[in-house]
Every structure is written in structure tokens, then in C-alpha cells.
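Below: one structure, written as C-alpha cells.
We count residues from 1, following the sequence as given. Just so it is clear, the structure is predicted and the values come from calculations on it, not from any experiment. Atom set for the values below is all heavy atoms of this structure, side chains included, hydrogens, waters and symmetry mates excluded.
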Amino acid sequence: MFHRRAVLLSLLATKAMSAAVGPRADGEEATITPGQYGTASGGALDIAAKPTGPAEFVENAQIASPPKYLTITVVNSQSAPVSTSHARNAGAPAPVSGNVGAGTIAAHATAVFAVPTGWAGNVAVVPASHPISNDDSLIEASFVKPSGYSVAVADVDISYVDGFSVPITCSCNGGVVTGCNKDLFSLHSCPNNDGKGACVNPKRADGSTTSATSFFAPCSGGAYTYPIDNKANSFGQCQSGRITCCIGTSCPKNPKQPN
């Protein structure tokens, strides 16, 4: 497993500056290009790596059996619509319900989709006034059976590794497990605005860095703000099979995010 982690970090250092996705038909997810399964090393899409998260959940004995499907609810708490784009890992099964094509979630509206065991993918989110880009905030999730585990494990993280577009937090069982509800644009001037509603993260491909830049630091440890910001992961905390991700500053605060 540790050898695979080293390979992943090498890929992060040499890959293109954003995760590529393949073509999609209307109403379908895009496909994440093999070798570019997300930017958060040790996060929900880093299937081959040793799991990261609270020790009591990483230990196999503490993992409860989940329901047949993992249900992910995305709530837009903002007063303006957001655009979303779904993608899944190459070879992963398709969701069993929900509209996972590129689309828009209206202000104060909700979208829901459900996935089977073996699914892993992400949802990019940006204000609807801008197009989806490779720099947007990502909901990354998976529902796979890791090596050495007897059941599928639900995992979700919020990644600002590629960049930041909107604040997002995700909750399970009544508590926030990942993400950051701060609007980073209101706290610092973005040094590299992509002109499409997102601030580019300069450390997106730096697999050795251990800290975030000043723009992303207010969310460090809550969301992934650099590739190995592993306090942001939630492995094993969502075995209820229900994850709710909330977009906006009015969303519940993550206790792991800096004050």
C-alpha cells in the first residue's frame, strides 16, 4: 500500500495541472481519466492508498456494515444557483438513481443521487454565473471495499486541491465530517483567479508540501487544501449510507476547520 502511495505522489508531481475527464452523454457522468483519480492523496478517491481518517474508524474492527447503496444529497444553501458536473472513476459502476448529468441546482434547492458498491467519483461545483472548470471545489466520494476490509466503506472529502470556487461541508449522522464553510474569496485576495469563478491552488501537484498557501490556509484540515491534508478525510464515518453536502457559508461549520 505504501508503495502505491509513493507512486500516486509521483503522479501528482508530474501529471497535468488538473484532473482530466472523458466525454459524456447528456444525463450521464463524465469518466475520470485513469491515473488521475482525484487530487487528494489519501482522500476518498485514492482507493489504493492506506486509508486516512480518525484512527477508530480506520481500524477494520470498527467499520459497520453499510446499506446496499450510498445516498448523497447536495444542498445549495446559497441565494444564487450553482452549476455541477459529475464524474466517476474509470471502470466504476454508474449511479443507480439521480440526475448525474451536468446541470444546475437552484438557490435553496436540493439534488440527490445514489450509488452502488464499487462507485467512486466527484462533483465539481461553481456559481452558475461561471462555467465548470478544472479549478473548482470538489465533492469527492467513494463506496468501495478496501483491501483488507470485509465491507464497503463510505468515504467523502471536500477538495480545494485544484482550486476553490464555493464553500462546501459534508455531514453524516448529524455531524460535519469534512469541508469548510468559509468563503475564501472574502478572506484573502486570490493570487491566481482563473476568470471562471475559481481561485487556482498553486500546490495542486505538490505531493510533498505539508502546508497550505495563505489563501487556502483558513480551511486547512477541514477541506483538502493541499494533496496530503489528510485531516480532511472521513473514512468510515458515514456507514449509515447517507451523506449530505451543503454549499455555502450558512452550512454547518466543520469542527476541524481553523477558527
Side-chain angles (χ1 to χ4, degrees), residues 18 29-30 39-40 44 71-87 95 98-114 121-141 156-172 174-201 212 215-225 232 234 238 242-259:
S18 58
E29 292 174 302
T39 56
T71 301
I72 300 174
T73 300
V74 182
V75 179
N76 180 13
S77 73
Q78 301 184 125
S79 59
V82 295
S83 293
T84 59
S85 180
H86 294 240
N99 184 354
V100 293
T104 300
I105 303 177
H108 307 296
T110 297
V112 183
F113 64 104
N122 64 39
V123 182
V125 185
V126 70
S129 56
H130 296 280
I132 293 287
S133 74
N134 291 321
D135 310 316
D136 296 328
S137 302
L138 295 176
I139 301 168
E140 299 185 330
V156 62
D157 70 71
I158 297 302
S159 176
Y160 301 157
V161 175
D162 282 336
F164 172 84
S165 52
V166 292
I168 309 173
T169 62
C170 296
S171 303
C172 301
V176 177
V177 294
T178 186
C180 179
N181 69 352
K182 297 179 182 179
D183 179 8
L184 297 181
F185 286 114
S186 69
L187 300 178
H188 292 283
S189 176
C190 170
N192 188 4
N193 194 307
D194 71 353
K196 299 177 181 179
C199 187
V200 178
N201 192 336
F215 179 87
F216 291 89
C219 284
S220 182
Y224 272 88
T225 56
S234 66
C238 298
R242 293 188 174 274
I243 297 170
T244 298
C245 294
C246 180
I247 303 163
T249 56
S250 64
C251 298
K253 178 183 177 180
N254 186 349
K256 294 185 290 184
Q257 71 186 51
N259 292 326

**Request:** Name the orientation class of the two ring planes belonging to Phe185 and Phe164 (parallel below 30°, tilted from 30 to 60°, perpendicular beyond 60°).
**Result:** tilted
**Whether Asn201 side chain and Val161 backbone form a donor-acceptor pair below 3.5 Å** = yes
**Asked** Within the distance-only criterion (no hydrogens, no angle test), does the side chain of Asp136 pair as donor or acceptor with the backbone N or O of Ala124 below 3.5 angstrom?
**Response** no
**Message:** Can you give me the closest heavy-atom contact between Ala114 and Thr71, atom names plus distance?
**Reply:** CB-OG1, 4.0 Å
**Item:** Name of the residue among Val125, Val82, Val75 meeting side chain to side chain contact (heavy atoms under 4.5 Å, CB included) with Ile105
**Value:** Val82
**Message:** Contact between Asn99 and Phe113 at the side-chain level, heavy atoms closer than 4.5 Å - yes or no?
**Reply:** no
**Prompt:** Does Cys251 reach the side chain of Ile168, with side-chain heavy atoms less than 4.5 Å apart?
**Reply:** no
**Request:** Apply side-chain contact (heavy atoms from CB on, under 4.5 Å) to Pro258 and list each qualifying residue two or more places apart in sequence or on a separate chain.
**Result:** Lys182
**Request:** Mind listing the closest non-hydrogen atom pair of Asp157 and Ala44 along with its distance?
**Result:** OD2-N, 2.8 Å
**Request:** Give the C-alpha distance, both sets of side-chain angles, the deciding distance and a yes or no for side-chain contact (heavy atoms from CB on, under 4.5 Å) between Thr225 and Ser220.
**Result:** CA-CA 6 Å; Thr225 56; Ser220 182; 3.7 Å; yes
**Complete:** Value for CG (Leu184) from OG (Ser189), rounded to nearest 0.5 Å, stands at 12.5 Å
**Prompt:** For Arg242 and Cys172, what are the C-alpha separation, side-chain angles and deciding distance, and is it a side-chain contact (heavy atoms from CB on, under 4.5 Å)?
**Reply:** CA-CA 6 Å; Arg242 293 188 174 274; Cys172 301; over 6 Å; no
**Item:** Shortest non-hydrogen separation from Ala232 to Thr178 and the atoms involved
**Value:** O-OG1, 2.6 Å
**Prompt:** What are the two closest heavy atoms between Thr169 and Pro252, and how far apart are they?
**Reply:** OG1-O, 3.2 Å
**Asked** Should the SG-SG distance of Cys246 and Cys170 be recorded as below 2.5 Å?
**Response** no
**Asked** Are any non-hydrogen side-chain atoms of Cys219 and Gln257 less than 4.5 angstrom apart?
**Response** no
**Message:** Working note: Asp194 + Ser133, criterion side chain to side chain donor-acceptor pair (under 3.5 Å); need CA distance, chi angles, decisive distance, verdict.
**Reply:** CA-CA 9 Å; Asp194 71 353; Ser133 74; 3.0 Å; yes
**Item:** Closest contact, heavy atoms only, Cys180 versus Pro167
**Value:** O-CB, 3.5 Å
**Item:** Of Asn192, Asn134, Asp162, the residue whose pairing with Val200 passes side chain to side chain contact (heavy atoms under 4.5 Å, CB included)
**Value:** Asn192
**Request:** Start with the C-alpha distance between Val177 and Cys238, add both sets of side-chain angles, then the distance that settles side-chain contact (heavy atoms from CB on, under 4.5 Å), and finish with yes or no.
**Result:** CA-CA 9 Å; Val177 294; Cys238 298; 4.1 Å; yes
**Fill in**
When rounded to the nearest 0.5 Å, the distance separating OG1 of Thr84 from CD1 of Ile139 is 8.5 Å
**Item:** Minimum heavy-atom distance Tyr160-Ser137, with the two atoms named
**Value:** CE2-OG, 3.5 Å
**Asked** Taking C-beta and beyond as the side chain, do Leu138 and Val123 meet within less than 4.5 Å on heavy atoms?
**Response** no
**Heavy-atom donor-acceptor pair, Ser85 side chain to Ala102 backbone, under 3.5 Å** = no
**Prompt:** How about Ser83 and His130: do any of their side-chain heavy atoms sit closer than 4.5 Å?
**Reply:** no
**Asked** Can you check whether His188 and Phe216 have ring centres sitting under 6.0 Å from each other?
**Response** no
**Request:** Answer yes if the side chains of Thr244 and Thr73 hold a donor-acceptor pair under 3.5 Å, and no otherwise.
**Result:** no
**Request:** Go through Ile247 and Val74 one step at a time and tell me if the side-chain contact (heavy atoms from CB on, under 4.5 Å) criterion holds.
**Result:** CA-CA 8 Å; Ile247 303 163; Val74 182; 3.7 Å; yes
**Item:** Check: Asn76 side chain, Ala80 main-chain N or O, donor-acceptor pair, under 3.5 Å
**Value:** yes
